[in-house]
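Worksheet for the structure shown next.
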Amino acid sequence: MHKVIYDTDPGVDDAMALLFLHRHPEIDLIGITTVFGNASIETTTRNALFLKQEWDIAAPVAKGASVTIDPSRHERPWPTMVHGENGLGDMPVPDVIDLPLDPRPAYRFIIETVRANPGEVTLVAVGRMTNLALALKEDPEIAKLVKDVVIMGGNFYVPGNVSPVAEANIHGDPEAADIVLTAPWKVVVIGLDVTSITTMSRSYLAEMAAKGDKAVKQLNTLSQSYIDFYKHAVEDGMMVHDSCASVYVVAPELFETITGAVRVVCGGIADGLTVIKQDSRRFPPGDWDGLPSQVVATGIESEKVLSLIRDTLLRV
Ligand code: BDR
Ligand code: CA
C-alpha cells in the first residue's frame, strides 16, 4: 500500500488526479494539502473540501501557502481562462463547505505526518512546490524520512506552457521548486515532456461519465471548459497533467526516465526553466557537483496510462 499526501491546487486536472488517488486500491490517501496556483488559496482549499465532501474522501485537508516562498515576487494573475473563475471549470460550487480543516498549516501537516510514518510517505505534489519547500526549511530532516516525492512540473525537451521555457507549477514559484529539486530526497519529475502528449478526448471522458457514478459525471462536467481552453493544442480533448503523476505512484513501468541533477532558473527571461545535468554526461567541476540525482520522465505509454485512469475512476 502506498501512503500518499496529495499536495494540490484544485484545479480541473487536480480533481481527476484526486479521484484516481482516492479510488486506486493500492493507494492509501492519508492527507490533502492545498496551495495557491490555479486559483487563490481560499478557492483551492474550498474546492478540496468540496471534492472531499462530494466524493466521501476520508483524508483530512490542510490549508497551505497563499504566496510564493520569496515574498518579493510579484503575484501573477490566476489562470481563470484555464480553470475558470472558481478553479473547477465554473461548475456550481457552494461558497462555503461545512467541513472542518485540519488545524495545522500544510507544511506542518506534512512534517508531522512524515515523522509519524518514517520511510513510508509518498508526496504527490501537483501545484506550486511552496508547501514542500516550507516543510524542508522548517525541518530539513524530513528529506531522509520521506519515501519519495512525485511532482507534476517542469519541461526539459519540450517548450513551456506559461512562457516559452517554463511550466506553470514551476514558474509559479521557481525558488520553491529549486529547493525541492535540490534537497536530498528522491524526486520523480513528471513534466510536460510526458503530460502534454497524454490527452483525453471529450468523447473518451463522456463515455467514462456514461458508465461512471456521480463523481465521474462531475469530472466530465467540470472538464468541459478546460477542454475548450485546450483547443489550441489538443483536438477536442485535454492534457491530463496531474493524473500522470498519480499514475506514476502505482505504475512507474509505464514511464521512461533519465537521471541527473535538476535545477530551476530563478529570474530573468528564463524564469522557471527546469534544467537537468544527466548523470551520464561529464563536465568540468562546477556548480552541478554534489547535487542529488533525481528522476525525470522523458517517455510515457499514454494509452496504458489513460486505460489505468479510466479503470480506476470507474471502480466504486
Ligand atoms: C499544471 O498547471 C496547472 O494548471 C495544472 O493543474 C497542472 O498541475 C500544468 O502545467
Ligand atoms: Ca495542479
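First listed ligand is number 1; within each ligand, the first listed atom is number 1. Here the structure is a predicted model, which means the values were calculated and not measured.
- If you number the atoms of ligand 1 from 1 as listed, the ones under 4.0 Å from a heavy atom of Ala168 come out as 2 (O), 10 (O).
- For ligand 1, none of its N or O atoms has an N or O atom of His241 under 3.5 Å away.
- Among heteroatoms of the N, O or S kind in Asp9, OD1 lies nearest the Ca ion (ligand 2).
- By the criterion of a heavy-atom distance under 4.0 Å, neither the backbone nor the side chain of Met239 is placed next to ligand 1.
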Using the salt bridge (charged side-chain N to carboxylate O under 4.0 Å, His left out) rule, take Arg108 and Asp102 through it: C-alpha gap first, then chi angles, then the decisive distance, then the call. CA-CA 10 Å; Arg108 177 106 331 258; Asp102 190 277; over 6 Å; no
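- Between the O atom of Val126 and the OD2 atom of Asp14, the angle taken at the Ca ion (ligand 2) works out to 100° after rounding to 10°.
- Between the Asn155 side chain and the Leu273 main chain, no donor and acceptor come within less than 3.5 Å of each other.
- Checked against a 3.5 angstrom limit, the closest N/O atoms of Asp9 and ligand 1 fall outside it.
- Side-chain N/O atoms of Asp70 and Thr68 include no donor and acceptor closer than 3.5 Å.
- For ligand 1, the polar-atom distance check finds no N/O of Tyr226 at less than 3.5 Å from any of the ligand's N/O atoms.
- Residue contacts with ligand 1 for Asn38 involve side-chain atoms from C-beta outward but no N, CA, C or O (heavy atoms, distance under 4.0 Å).
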(message) Set out, in order, the CA-CA distance, both residues' side-chain angles and the distance that settles side-chain hydrogen bond (donor to acceptor under 3.5 Å, both in side chains) for Thr130 and Asp173, then state yes or no.
(response) CA-CA 7 Å; Thr130 322; Asp173 196 347; 2.8 Å; yes
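- In summary, Arg202 and Asp236 engage in a salt bridge, as defined by a charged side-chain N under 4.0 Å from a carboxylate O.
- For the pair Arg310 and Glu207, the salt-bridge criterion is not met [side-chain N within less than 4.0 Å of a carboxylate O].
- Taking every heavy atom of Asp14 and a limit of under 4.0 angstrom, the matching atoms of ligand 1 come to 6 (O).
- Distances from the Ca ion (ligand 2) to the N/O/S atoms of Asp242 are shortest for OD2.
- The distance from atom SG of Cys244 to atom CD1 of Ile190, rounded to the nearest 0.5 Å, is 7.5 Å.
- The nearest N, O or S atom of Asp13 is not closer to the Ca ion (ligand 2) than 3.0 Å.
- Nearest to atom 8 (O) of ligand 1 among the protein's heavy atoms is Asp242 OD1, 2.6 Å.
- The structure places CZ of Phe109 at 10.5 Å from CG of Asp7, a figure rounded to the nearest 0.5 Å.
- Among all protein heavy atoms, the one lying closest to atom 9 (C) of ligand 1 is Glu167 OE2, 3.2 Å.
- Relative to atom 5 (C) of ligand 1, the option among Val12, Asp13, Val82, Leu192 with the closest non-hydrogen atom is Asp13.
- Using a 30° and 60° split on the angle between ring planes, Phe255 and Tyr248 fall in the perpendicular class, above 60°.
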